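Remarks on the structure that follows.
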Amino acid sequence: MSTSPVRLLGTPADELRIAAVGTSEVIRVAHGSSVPGAQDVAGAVHSKIDMHHHFCAPQWRDWAAHHGLIKPERLPPWTRLDTGEAIRFMDDAGITTAVLKPMLPARYRSSAQLREAINITLQSMIEVAQSHPGRFSYYVPLFLDDPEASSWAVRRGLGQLGAVGVNVTANYGGVYLGDPAYDRLFHELNDYSAVVDTHPHNLPDGPPAGPGAAGGPGASTVPGIPNFMCDFLLDTTRAAVNMISRRTLDRFPDLSVVLPHAGGFLPYIATRLQALGRFCEPSVEPAAVRDHLSRFYYDTAGPMAPATTLLEHVPAHHILFGTDWPAAPADTVMDLALPALEADPAFTPEQLQGIYHDNARRLIPQLATT
């Protein structure tokens, strides 16, 4: 591992997310703790917990480059932002604690190599959290297409390193969350009453590669339209519908599943799914749709649409604050997302307080440790 100082790094929205976990105290800004600049856009002081905050470990970058797994120059510039940039952004946005969703995107040559990558990432995030008490927690990354490595990561992260949850992507090679292929691991996660944080990725069937084509992994499905604009939301929606169809939350009742970006398109097709779910295989009953929508958690990383439709199907105490920083630039968060959330007429002040921090603390009690 690199011995260079640990730096908080962002992640591109179209790369695989990995995460690790840790416990941290909440700095109580609203009750007098000093966090410079921790004042939201509307002017009232809020103590926010950012449940969607990306990270790339510098030690992992060095290690992956050394083994020829990545070309660092192909990662976007925000992956080189340091801890100081993260803290300044958090203070400006009134964020006391960020739960990190790190990335380590590569095609690993063996399960042992994947475990080493996960271990390096975990150690890096532990160092970040210890260097900035109270400011960072983190998830443990899982690659569900490698069951043995994922099972090891669950035991290591949740069982030994105080993880606050796990992070997974919506699909692995076209096999979506909810598929029976993941049942063994979900049984393990259920035994831990785990928080399962999800994130979209590129859709399984990308554009064709060839002479004159801009194909290949991560290429835009529609030329000129980045995949995070539309495809990511569909990826989350597919995973959610598959979990509803497979009755994932019934079969694993102690899991808490977090859907990013306000659930993708799910709230907007809820009525359609209730009406036409009988054509799915297995069939989806309207009651199962309503039940699962009310049991999923949703983060606000966006900017998201006005929340009226979301609240028609989702209890407000299942909505969590998230920024998507630095994949979402600071000006997007500060000038668009935060003002829109603060001014959304669908939310009461009490509901906003829950979204900013109370709901996260109920979901993950470690975040309330002081």
Side-chain angles (χ1 to χ4, degrees), residues 13-14 17 51-52 101 144 165 167-172 174-179 182 186 195-204 221 227-253 255-322 324 328 337 340-341 344 346-347 351 355 359 363:
D14 59 353
R17 298 316 192 270
M51 298 290 289
H52 192 135
K101 294 162 68 89
L144 299 188
N167 180 251
V168 298
T169 56
N171 85 84
Y172 296 82
V175 181
Y176 276 87
L177 299 177
D179 192 278
Y182 305 139
F186 271 56
V195 172
V196 180
D197 180 77
T198 70
H199 202 281
H201 195 40
N202 297 312
L203 297 178
T221 304
N227 289 342
F228 64 77
M229 190 70 67
C230 303
D231 291 11
F232 275 32
L233 302 179
L234 177 57
D235 201 41
T236 291
T237 305
R238 286 178 172 182
V241 171
N242 202 46
M243 285 188 280
I244 295 170
S245 175
R246 304 288 180 170
R247 306 295 289 265
T248 297
L249 297 184
D250 290 338
R251 294 186 298 116
F252 307 104
L255 293 182
S256 299
V257 175
V258 182
L259 302 177
H261 312 123
F265 301 132
L266 183 64
Y268 306 97
I269 67 165
T271 301
R272 179 183 179 88
L273 183 58
Q274 290 179 56
L276 302 176
R278 65 185 184 273
F279 295 105
C280 296
E281 295 181 12
S283 177
V284 178
E285 298 296 325
V289 177
R290 293 190 294 270
D291 177 63
H292 274 64
L293 259 74
S294 69
R295 291 162 68 187
F296 287 133
Y297 286 81
Y298 307 78
D299 75 37
T300 66
M304 68 176 198
T308 301
T309 300
L310 181 64
L311 288 175
E312 288 180 1
H313 305 287
V314 173
H317 64 274
H318 275 224
I319 303 174
L320 309 168
F321 178 71
D324 220 339
L341 182 62
D344 196 321
F347 293 128
Q351 288 172 337
I355 291 166
N359 300 343
L363 177 63

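Excluded from the calculations below are hydrogen atoms, water molecules and symmetry mates; all remaining heavy atoms, backbone and side chain alike, are included. As the structure is a prediction and not an experimental result, all values here were calculated from the model.
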Side chain proximity check, Y182 to V175, heavy atoms < 4.5 angstrom: yes
Sidechain-backbone polar pair: T300 side chain, G322 backbone, donor-acceptor under 3.5 Å: yes
Verdict with reasoning, Y297 to V195, per side chain to side chain contact (heavy atoms under 4.5 Å, CB included): CA-CA 10 Å; Y297 286 81; V195 172; over 6 Å; no
Donor-acceptor contact below 3.5 Å, side chain R247 vs main chain I244: no
Y298 vs L266 side-chain heavy atoms within contact, under 4.5 Å: yes
Stepwise side chain to side chain contact (heavy atoms under 4.5 Å, CB included) check, V257 with T198: CA-CA 7 Å; V257 175; T198 70; 4.0 Å; yes
Shortest non-hydrogen contact between A262 and M304, atoms and distance: CB-SD, 3.8 Å
D299 side-chain N/O to H52 backbone N/O, donor-acceptor pair under 3.5 Å: no
Check: H292 side chain, L249 main-chain N or O, donor-acceptor pair, under 3.5 Å: yes
Short side-chain donor-acceptor distance under 3.5 Å, H317 and N359: no
Nearest heavy atoms of A346 and L311, plus distance in Å: O-CD1, 3.4 Å
Any H199 side-chain heavy atom under 4.5 Å of H261 side chain: yes
Any donor-acceptor pair under 3.5 Å from T309 side chain to Y268 backbone: no
Under 3.5 Å donor-acceptor, S245 side chain and V241 backbone: no
From I355, D197, V258, residue fulfilling side chain to side chain contact (heavy atoms under 4.5 Å, CB included) relative to L320: V258
Backbone N/O of L203 and side chain of N227: donor-acceptor pair under 3.5 Å: no
Parallel, tilted or perpendicular: rings of F228 and F232 (30°, 60°): perpendicular
Value rounded to 0.5 Å, distance of CG in D235 from CZ in F265: 10.5 Å
L144 side, atom CG; Y172 side, atom OH - distance, nearest 0.5 Å: 4.0 Å
Straight-line distance of L259 CG to M243 CE, nearest 0.5 Å: 5.5 Å
Check: S294 side chain, D291 main-chain N or O, donor-acceptor pair, under 3.5 Å: yes
Whether R251 side chain and R246 backbone form a donor-acceptor pair below 3.5 Å: yes
Criterion side chain to side chain contact (heavy atoms under 4.5 Å, CB included) on I319 and L310, from CA distance to verdict: CA-CA 9 Å; I319 303 174; L310 181 64; 3.7 Å; yes
Rounded distance [0.5 Å steps], CG in N242 versus CG in D179: 6.5 Å
Steps toward salt bridge (Lys or Arg N to Asp or Glu O under 4.0 Å) verdict (D250, R295): CA-CA 10 Å; D250 290 338; R295 291 162 68 187; 2.7 Å; yes
Nearest atoms (heavy-atom pairs only) where G263 meets T237: O-OG1, 3.9 Å
Closest heavy-atom pair and its distance - Q274, R290: OE1-NH1, 3.0 Å
Full working for side chain to side chain contact (heavy atoms under 4.5 Å, CB included) between T248 and F296: CA-CA 11 Å; T248 297; F296 287 133; over 6 Å; no
Test item: F321 and L341 side chains (from C-beta on) under 4.5 Å apart, heavy atoms: yes
Heavy-atom closest pair, residues V284 and C280: CG2-CB, 4.0 Å
CD on E285 to CG on L273, rounded to 0.5 Å: 11.0 Å
Atom pair CD (E312) and CG (L293), whose distance is rounded to the nearest 0.5 Å: 11.5 Å
G174 versus P204, closest heavy-atom pair with distance: CA-CG, 3.5 Å
